[in-house]
Visitor: 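Before I ask anything, here is the structure I am working with.
First the proteins, then the strands, lettered A, B, ... as listed; each starts at 1.
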Amino acid sequence: MSGTHSRVRERVDRDDTVVSPSRAKAAQKAIVAWFDRARRDLPWRRTKDPYAVWVSEIMLQQTRVETVIPYFERFMGRFPDVEELARADIADVLLAWSGLGYYRRARGLHAAAREVVSRYGAKFPRTTDELRTLPGVGEYTAGAVASIAFGERAPAIDGNVMRVVGRYIGLRADVGSTEAKRAVRAACEALVPPVRPGDFNEALMELGATVCSPTSPDCPSCPWRRSCRGVELGLDAVAGGPKKRAAVPRVKLIAAIVEREGAVLLARRPLDGLFGGLGEPPLAEGPLPRARTTFARAGIELHGKPGPRSVEHVLTHKVLEVKLATARADAPQSLAPYTDLAYVPRSQLQATPMSTLARRLVRVSFADA
DNA sequence: AACACGGGGCT
DNA sequence: AGCCCAGTGTT
């Protein structure tokens with residue numbers, strides 16, 4: 001008897017994350033109506049130009065709206081259409097990306113622009129399947145561009161949507177789990193309407209960004225408050241789960257600060273990996289004797305001991321601890337893993353692609369100059 | 001499934 | 001001091 005009961009109970013638990021057609025329809029109407037009223041005026045919403053939508057979506061990957069806005073404006077001014085971007089030098093694209101992070105995105109954008117021009121005659125591919133083949137365009141971005149720019153009825157599931165829809169369907173599984181992804185995707189397939197699918201997807205993300213926040217959702221203001229399973233269950237029980245992250249390793253580095261006649265010695269990083277393609281004062285891993293030897297082989301002689309000036313730069317997966325050392329280099333040689341070394345006039349630094357870390361190093365070096 | 005990949009703002 | 005953001009690509 002208890003067996004029968006638990007079997008029924010189990011099926012109910014599984015089924016209640018399924019969104020029925022009638023429930024989907026009500027949900028679509030409510031959230032799009034809310035979006036029409038509450039939508040923020042963002043630069044990339046002033047057009048449905050696929051190129052602009054695409055650029056914005058790439059920039060928005062793992063990056064907040066407020067951070068992206070000025071970069072987007074500058075980028076569109078500098079590269080107004082896909083052909084202009086395809087013609088550009090990668091260094092100019094990286095310069096426009098300097099400080100935004102995840103620099104592989106800039107290389108993907110540039111490579112994809114060239115593909116759009118060469119393979120599609122500068123006309124943007126219109127379907128998720130074609131978009132998906134472009135470098136830097138994954139499942140989310142393909143759905144976002146296809147739905148927003150071309151009206152394809154495709155879901156666009158980002159972190160916001162995982163949380164919002166996870167709560168809406170009363171998902172208990174951790175949002176990072178395969179089970180959660182499957183359930184949210186199924187729900188989204190049922191939810192995305194054939195009419196205005198792009199507005200629906202944007203509405204979902206907008207809701208996550210402004211109302212259904214991770215820690216303190218404003219449920220009374222939510223267009224879905226009446227049918228949200230998460231509210232019924234208590235949001236703490238839904239789509240939660242602590243994500244324990246391993247302690248981030250600390251990496252100790254020495255930066256060789258070499259100045260000669262108003263120019264700074266910069267090294268260019270290899271295209272693959274951290275800060276790919278960007279310039280920076282040459283870095284070598286500590287401890288000091290090893291770094292000194294590494295630099296010496298490249299013709300860079302450290303003056304004294306590194307420090308006391310130093311910079312700590314925090315990344316997602318490691319902390320870079322950089323001590324600064326002045327140095328001289330009359331005939332710099334190659335220095336692994338950098339692709340080249342060159343003196344850059346200080347007046348040219350703002351025109352040189354560099355990471356935020358590299359700019360900090362330069363700024364700290366010449367703070368009192 | 002886990003990890004590399006930036007930077008910043010909020011709690 | 002964590003958390004996590006309009007994620008993607010590699011291993």
Side-chain angles (χ1 to χ4, degrees), chain A residues 35 39-40 42-45 53-72 94 97-109 111-112 131-145 147-149 155-165 174-181 188 198-210 212-216 239-249 251 269-278 280 311-320 353-360:
Chain A
F35 185 57
R39 87 201 284 264
R40 293 171 291 177
L42 302 174
W44 46 90
R45 286 185 179 161
V53 172
W54 169 57
V55 170
S56 73
E57 289 300 343
I58 300 292
M59 286 188 171
L60 285 162
Q61 288 168 4
Q62 295 290 284
T63 311
R64 292 164 196 280
V65 167
E66 308 76 55
T67 306
V68 166
I69 290 173
Y71 280 90
F72 177 81
L94 284 172
W97 212 268
S98 281
L100 193 55
Y102 286 135
Y103 298 94
R104 189 177 55 178
R105 292 183 296 175
R107 284 185 287 125
L109 204 65
L131 287 162
R132 189 71 181 68
T133 68
L134 298 173
V137 178
E139 195 171 303
Y140 160 77
T141 304
V145 174
S147 64
I148 295 169
I157 303 167
D158 69 341
N160 278 317
V161 176
M162 278 301 296
R163 183 179 63 256
V164 173
V165 174
D174 184 281
V175 291
S177 66
T178 306
E179 160 65 11
K181 289 189 178 79
C188 285
D199 283 345
F200 174 84
N201 283 334
E202 283 199 86
L204 221 37
M205 295 185 267
E206 189 89 342
L207 191 65
T210 63
C212 193
S213 67
T215 55
S216 54
K243 309 181 207 322
K244 42 183 175 254
R245 199 185 292 273
V248 295
V251 181
R269 300 187 64 104
L271 237 36
D272 287 315
L274 189 64
F275 306 138
L278 302 183
E280 66 190 18
V311 167
E312 183 174 293
H313 196 70
V314 180
L315 306 177
T316 304
H317 54 293
K318 62 179 91 166
V319 177
L320 274 22
M354 286 192 275
S355 65
T356 296
L357 168 62
R359 294 202 191 280
R360 288 179 70 197

Visitor: Expressed in angstrom and rounded to an integer, what is the separation of A/Ile58 atom CD1 from C/dT8 atom P?
Guide: 8 Å

Visitor: Look at the side chain of A/Arg104 and decide which nucleotide, out of C/dG7, C/dC4, C/dA6, has an atom nearest to it.
Guide: C/dG7

Visitor: Reckon A/Lys318 has a side-chain N or O less than 4.0 Å from the OP1 or OP2 of B/dG6?
Guide: no

Visitor: Atom CD of A/Glu312 to atom P of B/dG6: distance rounded to whole Å?
Guide: 18 Å

Visitor: Across the strands shown, which category fits A/Arg107 at heavy-atom distances under 4.0 angstrom: base, sugar-phosphate, nothing?
Guide: nothing

Visitor: Would you say A/His313 places a side-chain N or O within less than 4.0 Å of OP1 or OP2 belonging to B/dG6?
Guide: no

Visitor: For A/Pro214, answer base if it contacts any base atom (sugar-phosphate contacts may also be present), sugar-phosphate if it contacts only those atoms, and nothing otherwise; contact means non-hydrogen atoms under 4.0 Å.
Guide: nothing

Visitor: Starting at the 5' end of DNA chain B, which residue's closest nucleotide do you reach first, A/Gly276 or A/Thr178?
Guide: A/Thr178

Visitor: Can a side-chain donor-acceptor contact be found between A/Thr63 and A/Arg105 if the only test is distance below 3.5 angstrom?
Guide: yes

Visitor: Judged by each residue's nearest nucleotide on DNA chain C, which is more toward the 5′ side, A/Leu42 or A/Arg132?
Guide: A/Leu42

Visitor: Out of C/dA6, B/dG7, B/dC5, which has the shortest distance to the side chain of A/Tyr102?
Guide: B/dC5

Visitor: Between C1' on C/dA6 and CG on A/Asp199, what's the gap in Å once rounded to a whole number?
Guide: 15 Å

Visitor: Between A/Val137 and A/Ala142, which heavy-atom pair has the shortest distance, and what is it?
Guide: CG1-N, 3.6 Å

Visitor: Between B/dG6, C/dA6, C/dC5, which one does the side chain of A/Thr63 approach most closely?
Guide: B/dG6

Visitor: Check whether any side-chain N or O of A/Thr67 sits under 4.0 Å from OP1 or OP2 of C/dC5, and answer yes or no.
Guide: no

Visitor: Does B/dG6 have its OP1 or OP2 closer than 4.0 Å to a side-chain nitrogen or oxygen of A/Thr316?
Guide: no

Visitor: Heavy atoms under 4.0 Å, any strand shown: does A/Ile157 hit a base, just sugar-phosphate, or nothing?
Guide: nothing

Visitor: Using the P atoms only, state how far B/dC5 lies from C/dA6, rounded to an integer number of Å.
Guide: 23 Å

Visitor: Which pair of non-hydrogen atoms, one from A/Gly143 and one from A/Ala156, has the smallest distance, and what is that distance?
Guide: C-CB, 4.0 Å

Visitor: So which one's nearest nucleotide on DNA chain B is more toward 5', A/Leu357 or A/Ser177?
Guide: A/Ser177

Visitor: What is the distance from CG of A/Leu109 to P of C/dA6, rounded to the nearest Å?
Guide: 19 Å

Visitor: With the side chain of A/Arg40 defined as its heavy atoms from C-beta on, choose the nearest nucleotide among C/dG9, B/dG6, C/dA6.
Guide: C/dA6

Visitor: Looking at every strand, decide which applies to A/Ser216 at a 4.0 Å heavy-atom threshold: base, sugar-phosphate, or nothing.
Guide: nothing

Visitor: Keeping A/Ser98 on the side-chain end and A/Leu94 on the backbone end, is there a donor-acceptor pair under 3.5 Å?
Guide: yes

Visitor: B/dG9 P sits how many Å from A/Ile69 CD1, rounded?
Guide: 13 Å

Visitor: Any idea which of B/dA1, B/dA4, C/dG9 is nearest the A/His317 side chain?
Guide: B/dA4

Visitor: With sugar-phosphate meaning primed atoms plus P, OP1 and OP2, does A/Glu139 contact a base, only sugar-phosphate, or nothing at under 4.0 Å between heavy atoms?
Guide: sugar-phosphate

Visitor: Say whether, by atom type as modelled, one donor and one acceptor occur between the side chain of A/Arg45 and the main chain of A/Arg40 under 3.5 angstrom.
Guide: yes

Visitor: Mind checking if A/Gly273 touches a base, just sugar-phosphate, or nothing, with heavy atoms under 4.0 Å?
Guide: sugar-phosphate

Visitor: Atom CG of A/Asp174 to atom P of B/dA2: distance rounded to whole Å?
Guide: 11 Å

Visitor: On the side chain of A/Arg105, is there an atom forming a donor-acceptor pair with the base of B/dC5 - under 3.5 Å, no angle test?
Guide: no

Visitor: To the nearest Å, give me how far apart CG (A/Leu60) and P (C/dG7) are.
Guide: 8 Å

Visitor: C/dG7 phosphate, OP1 or OP2: any side-chain N/O from A/Gln61 under 4.0 angstrom?
Guide: no

Visitor: Cut-off 3.5 Å, side chains only: do A/Thr141 and A/Gln61 have a donor facing an acceptor?
Guide: yes

Visitor: Using a cut-off of 4.0 Å on non-hydrogen atoms, how would the nucleic acid contact of A/Val65 be classed: base, sugar-phosphate, or nothing?
Guide: base

Visitor: Phosphate oxygens OP1/OP2 of B/dG7: is one of them under 4.0 Å from a side-chain N or O of A/Tyr71?
Guide: no

Visitor: Is the phosphate of C/dC5, meaning OP1 or OP2, less than 4.0 Å from a side-chain N or O of A/Arg163?
Guide: yes

Visitor: So A/Ser355, base contact, sugar-phosphate only, or nothing? Heavy-atom distance under 4.0 Å.
Guide: sugar-phosphate

Visitor: Which of the following nucleotides, B/dG8, C/dG7, C/dA6, is nearest to the side chain of A/Trp44?
Guide: C/dA6

Visitor: Expressed in whole Å, how much space separates the P atoms belonging to C/dT11 and B/dG6?
Guide: 16 Å

Visitor: Please find out if less than 6.0 Å separates the ring center of A/Tyr71 from that of A/Trp97.
Guide: no

Visitor: Between atom CG in A/Leu100 and atom P in B/dG9, what is the gap in whole Å?
Guide: 13 Å

Visitor: With a 4.0 Å cut-off on N to O distance, would you call A/Arg269 and A/Glu280 a salt bridge?
Guide: yes

